[in-house]
Undergrad: 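Pasting a structure below so you can have a look.
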Amino acid sequence: MSRTTPATPSTTAAPDARGRRLPRQLHPVAWWIWALALATAVSRTNNPLLLFLVLAVLGFVVTARRTEAPWARGFRYYLWLALAVVAVRVVFRAVFATGTTPTDHFLFALPRIPTPDWYAGIRLGGPVSLEALLSAATDGLRLACMLCCIGAANTLANPKRALRVLPGALYELGVAVTVSLSVAPQLVQSVQRVHRARRLRAGRSKGLRALRGIVVPVLEDALERSLRLAAAMDSRGYGRAGTVTARSRRVTGVLMLSGMCGLCAGAYGLLDATAPAPLGFPALGAGALLCVAGLRLGGRRVTRTSYRPDPWRAAEWAVAGCGVVSAVVLFAGTGFDAADLNPSIYPLGWPALPPVPAAAILLAGAAGLAAPPPRAHRPAPVPDHHRTTRDRG
Amino acid sequence: MIVFEQVSVVYDGATEPVLQGVDLTVEEGELALVVGHTGVGKSTLLGAVNGLVPHFTGGTLYGRVTVDGRDTAAHPPRELADVVGVVGQDPLDGFVTDTVEEELAYAMEQLAVAPAVMRKRVEETLDLLGLADLRHRALYELSGGQQQRVAIGSVLTAHPRVLVLDEPTSALDPTAAEEVLSAVTRLVHDLGVTVLLAEHRLERVVQYADRVIHLPGGGRVESGVPAEVFRTSAIAPPVVELGRAAGWEPLPLSIRDARRSAAPLRERLRGAEVPAVRPPAERPRPVLLTARGVSVAYQGVPAVREVGLELRGGEVTALMGRNGSGKSSLLWALQGSGPRRAGRVRVVAGAEGGTADPRELPAAGARRLVGLVPQTPTDLLYRESVKEELEQADADAAVPGAESGGPSAREILDRLAPGIPDAIHPRDLSEGQKLALVLAVQLSAAPGVLLLDEPTRGLDYTAKAQLIGIVDALAAEGRAVVVSTHDVEFAARAADRVVVMAEGDIVADGPTSEVITASPVFAPQVAKVLAPLPYLTTGQVSAVLDGGGSA
């Protein structure tokens with residue numbers, strides 16, 4: 001090797017040239033907290049500028065920090081789904097022609113379809129106004145944004161790995177979900193195979209009979225497969241530690257159910273601004289307490305270890321924090337006019353971009369920088385300096 | 001290590017016990033090979049080792065099974081997970097997680113092994129089975145052999161003393177099977193794991209076995225050293241059959257042993273005329289199917305490249321090649337149901353010699369020209385009994401407005417596999433019987449060309465011999481038969497002609513004896529032992545020896 005310039009291998013050849021951090025996978029729960037917090041923040045606003053800002057932030061973080069794993073290829077589909085949501089919303093508003101006022105800017109009129117008397121409440125067709133379409137589009141966009149938040153979480157964190165952090169008491173639930181997740185693609189494959197094979201027999205039956213020709217072999221196949229899976233799991237020690245008494249199981253169930261009810265009521269109270277005040281934090285707190293108690297009780301007798309558990313370090317705090325701060329800022333409503341979050345379309349006007357919420361959403365985007373770079377899917381090629389040192393030596 | 005004391009197993013609702021009064025001891029570090037026909041209780045015997053029988057399957061087990069001193073009556077399978085590792089036929093069925101590394105750790109997580117130990121054992125197992133490069137890969141992306149090695153690794157991490165493998169290679173091609181079996185033998189030799197292995201392809205494993213457990217039927221079990229058991233057992237690999245025919249002592253179990261004893265036999269056979277495995281054609285065989293430039297591609301990836309093929313009536317063709325070489329795609333394209341990107345297929349339709357392209361016909365017309373039995377024959381079955389299936393087949397095959405002239409599906413089935421009762425559910429048939437039923441369904445349309453996609457998969461020696469008979473009969477009726485298979489012994493006995501595919505191309509096409517003896521790797525065992533003499537089967541050798549004795 002006749003290199004004249006002194007090479008700086010440690011910076012040029014390292015897999016992550018952007019920083020000194022080692023590539024690793026962020027704790028899946030951190031991504032989920034971040035995404036859910038962002039979705040919560042989105043639920044508060046109707047401002048299209050803010051919503052587009054959220055989409056941009058999601059796009060940035062996903063492209064910066066997703067891996068090459070199979071589940072990480074799905075963000076595109078969530079975007080299509082989001083687009084479909086907006087489109088459906090707008091089309092429905094146009095067809096059902098509701099929510100127009102006489103002062104609206106009318107764009108065009110759809111042919112009016114007469115409806116029977118008992119259906120009088122709903123109009124089909126009629127004039128369509130710009131205001132109606134815009135409000136439908138922003139409504140749809142908000143829903144689409146929330147969908148994309150969930151999509152981002154699914155893309156950034158392996159959903160199955162996220163289930164592994166479930167407390168011991170919920171382990172069985174996690175396994176059931178994991179198994180069903182892997183069965184679904186097999187079922188699709190099975191249906192395709194049987195459908196293809198059907199032509200070979202050229203059955204003349206149509207309709208229900210034909211369906212039976214596909215459903216019966218597929219279901220028989222799935223049933224046999226699940227029995228074999230159950231046998232394999234049993235032989236590999238699944239359920240070995242499941243010696244929970246019936247009584248403690250019942251108590252756990254009651255605690256968990258009532259806890260979940262509390263959580264739901266609390267979440268509703270917090271998210272819906274019109275709900276009575278005591279429904280918010282108190283119900284949420286009580287629900288959380290009950291759930292924790294239930295999980296503790298249920299998990300007490302479970303002895304199971306976890307292979308390479310994901311650590312929870314500064315980066316995890318930072319990512320989760322970024323999301324939570326943006327949600328808190330949008331909920332607290334200090335430092336900006338709350339009306340800016342939901343700009344009125346009467347009269348029509350360009351919405352203003354409130355600086356504080358915008359900054360909060362941009363802060364959520366900082367998660368893309370705070371998270372460590374993902375591990376390369378395939379082993380990185382041998383770094384250059386390895387070879388040079390060996391050649392020299 | 002494994003002790004069976006007077007074990008009998010009766011399943012609920014069955015009148016006959018599957019196992020009866022079995023006494024069996026497998027010592028530590030032995031590789032015990034379990035042989036027997038389908039349905040004699042091999043799976044029951046293996047399942048009893050880790051308590052799946054009767055804890056999981058139901059039924060009643062009399063007597064006592066102890067493994068490493070633990071009685072399976074008191075220990076359900078999950079409590080034996082640290083002593084017995086079980087690997088099944090299809091690795092994908094047993095996977096719980098989705099990457100290699102997590103799958104290897106799964107059993108240890110259940111056994112609450114400390115995280116540091118787990119990490120170390122996973123690394124060791126990755127090295128032991130040569131999986132280190134695959135550690136982050138998704139399980140479904142792996143090849144069959146890699147998947148099966150992961151399945152073995154995933155039970156090994158729990159450090160079991162006993163490994164139970166129930167036909168671990170039946171779903172694999174020969175290369176993958178070789179990969180798995182060599183991993184297993186390495187475990188026996190390096191780690192001293194006790195292995196209990198059931199396997200149809202005896203020729204691959206018999207030389208490694210320390211003990212053979214033979215299930216002759218009727219619930220009995222015989223156990224002994226391989227050379228003793230194979231002297232009389234009903235099933236034996238070709239090399240053993242050759243040894244029996246030639247009267248070699250001791251009985252050879254490997255090609256190497258046989259070749260060393262074979263010098264006198266080769267000398268004796270040198271001058272003799274080699275009898276044909278299959279009767280030669282009496283009259284010229286008519287071309288029934290002509291394919292020109294057939295190409296198949298899936299999403300731009302070519303599976304079959306410009307293949308030309310002629311199939312003749314009365315001829316049995318074996319289509320060989322590794323997994324993914326385009327065999328199935330070609331068969332489906334010839335039948336007209338699968339995709340075909342380019343090329344033309346003409347099939348003789350009717351007695352007048354007119355031709356048609358099956359793809360351009362409706363499905364019912366296409367199957368009257370070319371019948372295809374897919375890799376999973378049960379995909380075609382959806383009725384509740386054999387009788388219903390056969391009636392459905394007759395109804396489907398009937399040409400509207402025409403008198404039905406051909407034999408009914410029931411008659412065809414009785415000829416292929418006599419004695420299958422009407423009332424039985426198709427799923428309860430043995431693999432060979434299911435194949436016969438699907439064949440009968442497809443033959444009810446009286447196609448001139450019949451394509452069978454890997455029918456030998458999962459068949460034992462008897463079922464294979466039956467299949468050879470069936471294929472023979474079909475060819476004798478003047479049909480063109482194509483059988484895609486990995487099994488070179490089957491091809492040697494059943495096929496007039498062998499076509500070998502690789503990467504979508506036909507790389508060899510010719511008479512069986514020429515193609516499969518061309519390379520030593522590919523040849524059947526008898527050919528390997530007797531090379532350079534062009535013998536393929538034990539039957540040929542016995543014919544010469546018997547004939548030579550009387551003359």
Side-chain angles (χ1 to χ4, degrees), chain A residues 69-71 158 160-161 164 175 178-179 181-182 185-186 190 193-205 209 212-218 220-221 224-242 302-309 375-379, chain B residues 50 52 56 76-82 84-86 88 90 92-98 101-102 105-115 118-119 122 133 136 138 140 154-155 158 335 337-338 362-364 366-367 371-372 374 376 378-382 392-393 395-396 427 441-442 445:
Chain A
W71 64 84
N158 182 353
K160 292 191 192 175
R161 224 175 147 75
R164 285 181 37 163
V175 171
T178 313
V179 167
L181 279 179
S182 47
Q186 285 174 0
S190 190
R193 211 186 58 221
V194 171
H195 183 71
R196 212 169 65 128
R198 254 182 64 77
R199 195 186 128 96
L200 296 179
R201 199 164 163 174
R204 290 221 190 78
S205 45
R209 274 286 182 79
R212 176 192 165 128
I214 294 180
V215 169
V216 169
V218 168
E220 282 175 348
D221 213 39
E224 277 173 21
R225 205 192 304 239
S226 49
L227 270 178
R228 286 193 294 257
L229 177 64
M233 286 173 69
D234 200 8
S235 324
R236 287 167 68 186
Y238 173 74
R240 197 173 153 94
V302 179
T303 52
R304 199 178 287 107
T305 49
S306 167
Y307 176 70
R308 294 179 82 170
R375 218 191 329 245
H377 190 50
R378 306 202 179 285
Chain B
N50 82 326
L52 276 177
F56 190 83
R78 50 189 170 274
E79 303 294 335
L80 288 165
D82 52 337
V84 186
V86 180
D90 191 348
L92 273 178
D93 284 342
F95 288 153
V96 187
T97 64
D98 47 12
E101 213 178 334
E102 286 172 8
Y106 180 77
M108 291 190 289
E109 291 183 333
Q110 306 307 313
L111 301 177
V113 173
M118 260 201 266
R119 190 72 202 271
V122 166
D133 294 340
H136 296 299
Y140 67 85
S154 70
V155 299
Q335 205 275 334
S337 295
R367 77 188 278 259
L372 172 61
T376 329
T378 44
D379 285 352
L380 293 186
L381 304 177
Y382 58 93
Q392 179 81 38
D396 288 344
R427 292 264 159 181
V441 168
Q442 291 300 61

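As the structure is a prediction and not an experimental result, all values here were calculated from the model. Chain naming here is simple, since letters A, B, ... match the order of the sequence lines and numbering starts at 1 in each.
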Undergrad: Find the one option among B/Asp379, B/Leu52, B/Val155, B/Val113 whose heavy-atom pairs under 4.5 Å with chain A are most numerous.
TA: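 Most pairs with chain A among the choices: B/Asp379.
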
Undergrad: Keeping B/Arg367 on the side-chain end and A/Leu200 on the backbone end, is there a donor-acceptor pair under 3.5 Å?
TA: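 Checking the backbone N and O of A/Leu200 against the side chain of B/Arg367, a donor-acceptor pair under 3.5 Å is found.
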
Undergrad: Using a 4.5 angstrom heavy-atom cutoff, name the option from B/Arg119, B/Gln335, B/Glu102 with the most pairs to chain A.
TA: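 It is B/Arg119.
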
Undergrad: If I compare all heavy atoms of B/Phe56 with all of A/Leu227, which pair ends up nearest, and what's the gap?
TA: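 Scanning both residues, the minimum pair turns out to be CZ-O, 3.6 Å.
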
Undergrad: Please round to the nearest 0.5 Å and tell me the distance separating atom CZ of B/Arg78 and atom OH of A/Tyr238.
TA: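 So the CZ of B/Arg78 and the OH of A/Tyr238 are separated by 10.0 Å.
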
Undergrad: Where on B/Ala445 is there a heavy atom nearer than 4.5 Å to chain A: the side chain, the backbone, both, or neither?
TA: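 The answer is neither part of B/Ala445.
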
Undergrad: What residue in A/Asp234, A/Val218, A/Val215 has the most heavy-atom pairs under 4.5 Å with chain B?
TA: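 Ranked by contacts with chain B, first place is A/Asp234.
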
Undergrad: Does any non-hydrogen side-chain atom of B/Val96 lie less than 4.5 Å from one of A/Arg236?
TA: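 With C-beta onward as the side chain, the pair touches.
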
Undergrad: What part of A/Ala232 gets within 4.5 angstrom of chain B, counting heavy atoms only: side chain, backbone, both, or neither?
TA: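 Contact with chain B: side chain only.
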
Undergrad: With a 3.5 Å distance limit and no angle check, can you tell me whether A/Thr305 reaches the backbone of B/Ala114 through a side-chain donor-acceptor pair?
TA: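 Answer holds: no.
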
Undergrad: Counting only non-hydrogen atoms closer than 4.5 Å, does B/Arg427 touch chain A with its backbone (N, CA, C, O), its side chain (CB onward), both, or neither?
TA: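 For B/Arg427, the contact with chain A is made by the side chain alone.
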
Undergrad: Could you look at B/Asp93 and say if it's the side chain, the backbone, both or neither that has a heavy atom under 4.5 Å from chain A?
TA: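 When you check distances to chain A, atoms from both the backbone and side chain of B/Asp93 fall under 4.5 Å.
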
Undergrad: Taking side chain as everything from C-beta outward and backbone as N, CA, C, O, which of these in B/Leu380 sits under 4.5 Å from a heavy atom of chain A? Side chain, backbone, both or neither.
TA: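 B/Leu380 touches chain A through backbone and side-chain heavy atoms alike.
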
Undergrad: Pick from B/Ala81, B/Ala158, B/Ala112, B/Pro76: which one has the most heavy-atom pairs with chain A under 4.5 Å?
TA: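 If we count pairs closer than 4.5 Å to chain A, B/Ala112 comes out on top.
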
Undergrad: For chain A, find which of B/Asn50, B/Leu80, B/Val84, B/Val441 contributes the most heavy-atom pairs closer than 4.5 angstrom.
TA: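 Of the candidates given, the most pairs with chain A belong to B/Val441.
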
Undergrad: Which atom names give the shortest non-hydrogen contact between B/Tyr382 and A/Pro217, and what distance separates them?
TA: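 Taking B/Tyr382 first and A/Pro217 second, the nearest heavy atoms are CB-CD, 4.0 Å.
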
Undergrad: Given the rule in the side-chain contact (heavy atoms from CB on, under 4.5 Å) test, do A/Arg228 and B/Asp90 qualify, once you have shown the distances and angles that lead to the verdict?
TA: CA-CA 9 Å; A/Arg228 286 193 294 257; B/Asp90 191 348; 5.5 Å; no

Undergrad: Using a cut-off of under 4.5 Å on heavy-atom pairs, state which of B/Glu109, B/Met108, B/Gln442 scores highest against chain A.
TA: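 Heavy-atom pair counts peak at B/Glu109.
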
Undergrad: Give, as side chain, backbone, both or neither, the part of B/Thr378 having an atom under 4.5 angstrom from any heavy atom of chain A.
TA: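 B/Thr378 touches chain A through backbone heavy atoms alone.
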
Undergrad: Locate the shortest heavy-atom distance separating A/Arg199 from B/Ser337; write the atom from each residue and the value.
TA: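 Taking every non-hydrogen atom into account, NE-OG, 2.9 Å.
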
Undergrad: CD of B/Glu101 to CZ of A/Arg308: how many Å apart, nearest 0.5 Å?
TA: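 Nearest 0.5 Å value for the CD-CZ distance: 4.5 Å.
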
